Asker: 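For reference, the structure I am asking about is given below.
Note on naming: letters A, B, ... go to the chains in the order of the sequence lines (proteins, then strands), and numbering restarts at 1 for each one. Below, all heavy atoms of this structure are taken into account, side chains as well, without hydrogens, waters or symmetry copies. These numbers were taken from a predicted model, which means no experiment stands behind them.
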Amino acid sequence: MITVDGLTKYYGERAAIRDLHFTIQKGEVIGFLGLNGAGKSTTLKVLGCVLLPTSGHVTIDGFDVMKDPHEIRKRIGFLPDTPPLYDEMTVEGYLTFVCELRGVSGDLVASRVTEVMKKTALSDRRDDVISSLSHGYRQRVGVAQAMVHKPDLLILDEPTSGLDPVQIKEMRELIRDLKGEHTVLVSSHILTEISQICDRYLVIQNGEIIAQGTEEQLATQLGGGTAGVVIEVELVGHTQQAVDQVKALAGVKDVTVTRLEGASSTLRIEAEGEVRPAVVKALVAAGAGVLKVDRTAARLENIFLKLTHGKEAA
Amino acid sequence: MRNVLLISRRELAAYLRTMSGYIIIAVMLFIDGLLFNAFAVPGAAKKSSEILADFFTLTSGITMIGSIFLSMRLIAEERQTGTISLLYSSPIHDLEIVLGKFLASLGFLSLFFLSTLYMPLLVAAYGKVALGHIAAGYAGLLLVGASGMAIGTFGSALTRSQVIAAVLSGVMVLALTTCWLLGKVTDRPLTDVVTSLAWWGHFDPFRSGLVHVKHVTYFVLVTFLALFAATRVLEARRWR
């Protein structure tokens with residue numbers, strides 16, 4: 001679907017991205033990770049045919065970004081970091097305009113717009129003027145404009161940026177629903193979001209891809225076959241006994257109390273390997289009531305931090 | 001052409017839905033009416049055709065200045081709000097973007113022209129003027145407006161700030177207005193060249209009811225060059 005070979009983009013004298021190489025298969029959901037200024041948005045803009053590369057080759061569905069940008073534009077939907085919305089238009093009017101702009105034939109426009117508004121839960125806001133919408137709804141309209149013409153490839157730059165937790169959950173479910181229907185390339189700073197919706201990751205830093213693969217593959221690349229595991233536990237009662245019992249477990253490296261409110265507390269446990277069953281047993285043995293045990297969320301963050309810090313140290 | 005009309009329709013709707021365009025046109029109409037009353041009408045011995053000619057002179061200046069303010073948002077605002085990404089990532093050519101916006105702005109400027117019609121009609125009602133004179137004058141105004149809007153579109157493509165876009169376009173219009181002054185310090189044939197670049201010299205026959213191909217060509221050429229330059233700027237931005 002996408003082949004990137006030696007992609008480089010300079011802004012004046014400064015290289016925003018340098019010699020990027022990666023491929024993305026049809027139907028994949030790819031997470032694009034990187035700190036601010038790492039080159040994520042520039043890469044996505046080149047893939048979205050908004051910017052032209054200084055050097056290198058990018059092909060999407062066999063079409064070259066330099067030679068056949070129009071063919072590529074017909075096949076992609078692009079949501080930049082700021083949703084490209086015309087504030088004075090209504091939601092339906094705007095999506096109709098975008099649908100026509102992307103070359104959808106006249107008789108299909110109305111049905112496509114209705115369909116995308118249903119998917120993005122915008123149907124009850126169809127007549128609202130965009131300037132009157134909340135940030136969450138604006139972001140939804142941004143995603144809707146990217147997918148209204150049913151593109152093969154969806155490029156979403158920070159779709160969860162600035163959303164509240166409920167809106168983030170809704171956006172995550174929306175992106176998850178796109179799986180199978182579209183190839184999706186999504187960037188985000190909120191790594192826990194990425195971890196729950198992506199098949200594979202590209203990690204970029206200082207304009208270079210420093211790692212790529214599945215979560216497991218990234219962990220392996222760090223050496224020792226594991227990136228370490230961070231578990232967050234919410235419990236009620238017997239906090240100190242629980243800490244002591246967990247600390248004594250094999251594989252547990254460190255236990256920290258991150259929140260203590262009356263009898264309720266949250267523990268952050270750093271460990272190697274799968275220790276959750278043993279942790280739960282230890283907590284129960286200590287007499288604590290276990291409310292929540294969560295591992296996955298912090299794991300990708302851990303990998304990401306180790307990758308980026310490791311590279312910086314090198 | 002489909003894309004040009006699509007962009008033009010959206011842009012025209014944006015003019016009609018927001019207040020800024022109406023305010024600019026209202027100010028233009030107010031000043032035009034004041035100047036018409038103060039400078040074109042007075043003079044008992046004035047012929048109707050002379051009043052009409054003065055009206056077209058005043059209106060052409062207001063059209064040129066108003067064009068700068070009406071067009072300053074065309075592309076600068078797209079860059080300011082980030083909506084340019086939508087246009088850049090859609091299967092449309094940069095020329096279609098520029099033409100769509102230009103046509104919309106010219107369409108909106110036509111509202112101003114329509115609103116000024118009462119002045120020549122008053123002259124016609126109380127005096128004797130040829131309809132051809134009015135038609136030629138308005139054809140000239142449309143050409144002046146097209147040139148002004150094209151220059152404004154170019155200025156708007158150069159920057160993301162609407163104020164800077166207006167200043168840049170203003171400087172270009174000022175240069176085309178005052179370049180004849182250079183003729184005073186140059187020798188022929190350079191004098192002829194710089195003098196012939198001044199736009200108001202080419203509007204002069206229109207105000208008297210005359211339409212010459214060479215003067216039409218001048219305005220068409222200015223419009224074409226400015227729109228071409230705006231298109232090149234949009235193309236160049238993809239490389240930055």
Side-chain angles (χ1 to χ4, degrees), chain A residues 9-12 16 41-42 44-54 65-66 68-90 93-94 96-106 109 129-131 141-142 145-146 148-149 151 153 155 157, chain B residues 1-23 70 73-101 103-105 108 157 160 162 231-240:
Chain A
K9 176 71 187 176
Y10 274 87
Y11 291 126
S41 291
T42 301
L44 297 184
K45 278 180 182 169
V46 172
L47 295 179
C49 293
V50 172
L51 288 176
L52 290 167
T54 308
V65 80
M66 295 287 282
D68 308 297
H70 266 46
E71 287 303 321
I72 292 176
R73 287 179 189 130
K74 286 177 191 166
R75 290 166 169 77
I76 59 162
F78 180 52
L79 170 67
D81 47 1
T82 307
L85 308 177
Y86 293 109
D87 278 350
E88 76 283 356
M89 297 180 91
T90 63
Y94 171 73
T96 302
F97 167 69
V98 174
C99 203
E100 290 173 340
L101 198 65
R102 298 258 167 79
V104 175
S105 65
V109 170
V129 177
I130 289 175
S131 62
V141 179
Q145 66 79 25
V148 69
H149 56 302
L153 171 65
I155 301 169
D157 194 0
Chain B
M1 196 59 194
R2 174 184 181 268
N3 291 331
V4 173
L5 292 177
L6 193 60
I7 290 177
S8 188
R9 201 178 64 196
R10 193 214 70 78
E11 198 65 47
L12 192 57
Y15 271 121
L16 296 172
R17 284 185 193 139
T18 51
M19 284 303 290
S20 57
Y22 291 114
I23 292 171
L70 282 172
R73 56 174 282 274
L74 285 175
I75 295 170
E77 192 182 43
E78 298 269 5
R79 292 185 60 211
Q80 206 171 24
T81 58
T83 46
I84 194 80
S85 296
L86 173 68
L87 302 178
Y88 272 162
S89 62
S90 298
I92 53 172
H93 295 281
D94 294 333
L95 178 62
E96 292 174 322
I97 298 173
V98 168
L99 279 181
K101 286 178 171 290
L103 287 178
S105 62
F108 192 68
R160 64 174 58 224
Q162 294 186 45
T231 307
R232 300 300 291 178
V233 170
L234 279 193
E235 285 168 0
R237 291 229 171 268
R238 292 178 193 266
W239 289 101
R240 290 189 179 177

Asker: What part of Tyr86(A) gets closer than 4.5 Å to chain B, counting heavy atoms only: side chain, backbone, both or neither?
Answerer: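 For Tyr86(A), the contact with chain B is made by backbone and side chain together.
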Asker: Give a yes/no verdict on a cation-pi contact between Arg73(B) and Tyr15(B), requiring under 6.0 Å between NZ or CZ and the six-membered ring centre and an angle within 45° of the axis.
Answerer: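 Yes, Arg73(B) lies over the aromatic ring of Tyr15(B).
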Asker: Donor-acceptor check, side chain of Arg79(B) to backbone of Ile75(B), threshold 3.5 angstrom: yes or no?
Answerer: no
Asker: Heavy-atom distances under 4.5 Å only: say whether Ser89(B) touches chain A with side chain, backbone, both or neither.
Answerer: both
Asker: Only one of Leu99(B), Ile97(B), Val98(B) passes side-chain contact (heavy atoms from CB on, under 4.5 Å) with Lys101(B); say which it is.
Answerer: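 One option only clears the test, and that one is Ile97(B).
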Asker: Pick one of side chain, backbone, both or neither for Arg2(B), based on which atoms fall under 4.5 Å of a heavy atom in chain A.
Answerer: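 Arg2(B) touches chain A through side-chain heavy atoms alone.
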Asker: Check each atom of Val98(A) against the heavy atoms of chain B and say whether the ones under 4.5 Å are side chain, backbone, both or neither.
Answerer: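 Just its side chain gets close to chain B.
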Asker: Go through the atoms of Glu77(B) and report whether side chain, backbone, both or neither lie under 4.5 Å from a heavy atom of chain A.
Answerer: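 Neither part, no heavy atoms under 4.5 Å.
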Asker: Checking heavy atoms, do the side chain of Pro69(A), its backbone, both or neither come under 4.5 Å from chain B?
Answerer: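 No part of it gets close to chain B.
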Asker: Can you check side-chain contact (heavy atoms from CB on, under 4.5 Å) on Ile92(B) and Leu101(A), steps first, answer last?
Answerer: CA-CA 8 Å; Ile92(B) 53 172; Leu101(A) 198 65; 4.0 Å; yes
Asker: Quick one: CZ on Arg10(B) to CD on Glu88(A), what's the gap to the nearest 0.5 Å?
Answerer: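 Result: 5.0 Å between the selected atoms.
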Asker: What part of Gln145(A) is in contact with chain B, defined as an atom under 4.5 angstrom from a non-hydrogen atom: side chain, backbone, both or neither?
Answerer: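 Answer is side chain: those atoms of Gln145(A) sit under 4.5 Å from chain B.
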Asker: Hey, what do you get for CZ (Arg102(A)) to CG (Leu86(B)), rounding to the nearest 0.5 Å?
Answerer: 5.5 Å
Asker: Counting only heavy atoms closer than 4.5 Å, note whether Leu51(A) contacts chain B via side chain, backbone, both or neither.
Answerer: both
Asker: Would one find more than 12 heavy atoms of other residues, nucleotides or ligands at under 6.0 Å from atom CZ of Arg237(B)?
Answerer: yes
Asker: Shorter than 4.5 Å, heavy atoms on both sides: which option in Gly48(A), Gly77(A), Cys49(A), Ala146(A) has the most such pairs with chain B?
Answerer: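 Ranked by heavy-atom pairs under 4.5 Å with chain B, first place is Cys49(A).
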